[in-house]
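Please read the structure below before turning to the comments.
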Amino acid sequence: MARLAKLYRNELAKKLTQLDIYIGQEQVLLNIREPEGVSQAELGDRVKATPATLTKMLQRMERGGLVRRERSDSRGRASRVFLTEYGWATRHTVERLWQQAESRLTAGLTREEAVALSRLLDKLTAGEVTPRRAEFDS
């Protein structure tokens with residue numbers, strides 16, 4: 001799985017670099033699904049990033065014209081994050097790049113194998129499979 005993840009990440013990174021997007025930023029783009037934006041705290045939860053990491057990432061993405069932030073409370077502490085028009089267009093491009101990378105990496109599989117792999121990955125990412133402790137103790 002680690003080799004597959006590395007291949008996928010490298011495949012995607014090459015294409016994202018051409019869009020002036022860094023690995024991790026595509027996760028931000030793909031996790032802002034609401035036209036009314038998302039709170040910065042919720043976005044951090046979605047992409048599993050610390051507040052400091054997310055803040056730096058959003059600053060870079062703001063400079064690139066992908067997102068904008070607005071203060072959402074009277075104290076000026078909470079922020080909502082919105083995709084710009086350019087951000088929405090880039091999000092669609094990133095979705096296509098993800099699909100293309102996945103297609104290239106699974107090209108050697110039969111349809112049945114690809115479906116089985118997809119189901120297994122869904123199961124693993126949903127946390128339905130937990131490793132047995134004994135398997136890692138030896």
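From a predicted model like this one, the values you see are computed outputs, not experimental measurements.
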Practice task
For Glu34, enumerate each residue passing the salt bridge (charged side-chain N to carboxylate O under 4.0 Å, His left out) test, keeping only those at least two apart in sequence or located in another chain.
Solution key: Arg46
Handout entry: Worked verdict on Tyr86 versus Leu66 for side-chain contact (heavy atoms from CB on, under 4.5 Å)
Key = CA-CA 6 Å; Tyr86 176 63; Leu66 295 165; 3.4 Å; yes
Looking just at side-chain N and O atoms, do [X] and [Y] make a donor-acceptor pair shorter than 3.5 Å?
| X | Y | result |
| --- | --- | --- |
| Thr50 | Thr53 | yes |
| Thr55 | Gln40 | yes |
| Ser79 | Arg71 | yes |

Practice task
Determine whether more than 12 heavy atoms belonging to other residues, nucleotides or ligands lie under 6.0 Å from atom CZ of Arg104.
Solution key: yes
Handout entry: CZ/Arg3: more than 12 non-hydrogen atoms of other groups inside 6.0 Å
Key = no
Honestly curious: do [X] and [Y] fall in one hydrophobic cluster under the side-chain, below-4.5 Å linking rule?
| X | Y | answer |
| --- | --- | --- |
| Met57 | Phe82 | no |
| Leu97 | Tyr8 | yes |
| Leu7 | Val94 | yes |

When you compare the side chain of [Y] with that of [X], does any pair of heavy atoms fall below 4.5 Å?
| X | Y | result |
| --- | --- | --- |
| Val47 | Leu30 | no |
| Val67 | Thr84 | no |
| Leu121 | Arg119 | no |

Practice task
Verify side-chain contact (heavy atoms from CB on, under 4.5 Å) between Arg69 and Gln59, making sure each step is shown before the conclusion.
Solution key: CA-CA 9 Å; Arg69 290 184 289 172; Gln59 287 170 344; 3.5 Å; yes
Exercise for the section: Find the distance between CD1 (Ile32) and CD (Glu42) and round it off to the nearest 0.5 Å. Expected result: 10.5 Å
Handout entry: Residue pair Leu12 / Trp98: nearest heavy atoms and the distance that separates them
Key = CD2-NE1, 3.1 Å
Completion exercise
The side-chain hydrogen bond (donor to acceptor under 3.5 Å, both in side chains) partners of Ser103 (sequence neighbours excluded) come to none
Problem - Arg68/Arg80 under side-chain contact (heavy atoms from CB on, under 4.5 Å): CA gap, chis, key distance, verdict - result: CA-CA 8 Å; Arg68 66 182 171 80; Arg80 290 194 72 73; over 6 Å; no
Identify all side-chain donor-acceptor contacts of residues 15-26 below 3.5 Å with residues at least two apart in sequence or on another chain.
{"from": "Thr17", "atom 1": "OG1", "to": "Ala13", "atom 2": "O", "distance (Å)": "2.7"}
{"from": "Gln25", "atom 1": "OE1", "to": "Tyr22", "atom 2": "N", "distance (Å)": "3.0"}
{"from": "Glu26", "atom 1": "OE1", "to": "Gly24", "atom 2": "N", "distance (Å)": "2.7"}

